[in-house]
Amino acid sequence: MGLLILISLLIEVGVLFYLEVKVWDTIYTPLNLLMLPYTVVVLVSACISGHFGFVEMYYPSILIWSIALLVFAIPSQCLGYFLHRNGKPYYSSMEFNEIPVFLVWISVFVCLALLYRLRQAVAISPYSIGTDDFGDYFDNNGLWAHVSRLNSILLIITVFFVDRKHKYLWFIIIVQLALLFIHNVKGWIFVPVVAGMLMRLCFGRSQFSFKFIFYVVLGTISVFFIIYILSVVVGQNLDFDGKFIAFIFRHVVHYLTSGVWGLSVDMVYGFPDKGPFELNIAQFVNMARAITGNTEYVSTINTYYYHTGFNYTNVRTLFGTIYINSNQLTYILTVLVLSSIIYLIKIFTIRFDGLYSNMVLYYFCSLLFMGWFDTFFSQLVVIEVPLWIMILCIIDKILQKNDSKQKVYIRE
């Protein structure tokens, strides 16, 4: 039965992939960027199921995704068909060769501000650098949390534009990444990098190849090495030896499959962590409570941890988390609304094609890409990031307008 469920998922993904490419004329669609990484993770999970110390996988948990993917495809096909019927272009044709200079200066300024904050935190904080507590103290609250979020947005831009002509951006990228590493949360490192890489692939600045895959895998493993060197070797003064390296590689596999394992084991136990629907829209609930003066904010951190055979996990994948905090009707409606919003953003990007609209689109696509891990759509970032990008767009437009006036004045 487990094999049949797995095969049915592969067939479904193959059919949906064909329909997506046929409708949108590109493989880089929200649905494809959601379901292909998940499928790879499921296959990896199936291969190690019951081996290397990992628990057995409960295959019926895949059905939660099988249903959600079909529902998620409905807005895509309907809106794509509408574009075809009206003869509208359905892929981006913009070319981006030069990074706006003001974005470089803002990136440098934000990096310097966060480096100042780091120096301040090291001097004042009672926690050791490399620990979760220090990361929270560094930039998880107040003004510095918003500055750090701006830093991750600017990382999307620098990753997108870096090339032989813009080698100096590597220095900025290294600092931006280093500052994100201090926060010690892998997901918030992966998301902006994935968004920048997706934009590179979509606009032909990078080519999807075995070389590209190799660098992605190498970069992913490097993230784990750096984080655990900071948290385990530096933070806890442990030795960097062969056992530590083996630990990291096993943890890479654990992190990659933790969402699938979490959902699988959770279904076996009958979803004891089932919560209210407000957990799926926690950012809006918390904003409303903040306005009304209610300080009892909703926490989206799952307090149920399951052991995968190697380590504990409290994540349930994107659709798994939505499912356990919904009933059957609200689950379907939530997936429909999420898909509709993202594909409407895609259509907006086609209509108003530009750097900033594409940043919003591919940021959301990067959140979908990480769906094999857990949901990020109940976080405040889904509101804050588009607002930051809008602010950057407005500044760019103002500077362009002033520059045009200056050029006209000089010609006269």
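Heads up: numbering here begins at 1 and tracks the sequence. Quick caveat, the model's predicted, so the values are computed rather than measured.
Defined by atom type and a distance below 3.5 Å, a donor-acceptor pair is missing between the side-chain atoms of Q283 and S378. For N151 and S148, the side-chain atoms include no donor-acceptor pair closer than 3.5 Å. N280 and T334 form no side-chain donor-acceptor contact under 3.5 Å, judged by distance and modelled atom types alone.
For the pair P100/Y356, a side-chain contact is recorded, criterion being any heavy-atom separation below 4.5 Å from C-beta on.
Not one N or O on the side chain of S264 forms a donor-acceptor pair closer than 3.5 Å with the backbone of V260. In this structure a side-chain-to-backbone donor-acceptor pair under 3.5 Å is present from S258 to Y255.
The aromatic rings of F376 and W188 lie perpendicular to each other, with more than 60° between the two planes, well past the 30° mark. Aromatic ring orientation, F377 versus F364: parallel (interplanar angle below 30°, classes split at 30° and 60°).
Closest approach of S45 to T257, counting heavy atoms only: OG-CG2, 3.3 Å. Nearest heavy atom pair, residue T26 against residue N32, reads O-ND2, 4.3 Å. The minimum heavy-atom distance linking R316 with D273 is given by the pair NE-OD2, 3.1 Å. L279 approaches T300 most closely through the heavy-atom pair O-CG2, 3.9 Å. When every heavy atom of V13 is checked against every heavy atom of M35, the shortest pair comes out as O-CE, 3.5 Å.
In this structure, R117 is positioned above the aromatic face of Y137, its NZ or CZ under 6.0 Å from the six-membered ring centre and within 45° of the axis.
Using a 4.0 Å cut-off between charged side-chain N and carboxylate O, D163 and R205 make a salt bridge.
A ring-ring contact (aromatic ring centres under 6.0 Å, His included) with Y269 is found for one member of Y304, Y306, Y305, Y58 and no other, namely Y306. The side-chain hydrogen bond (donor to acceptor under 3.5 Å, both in side chains) with T317 is formed by just one residue from the set Y38, W65, W372; it is W65.
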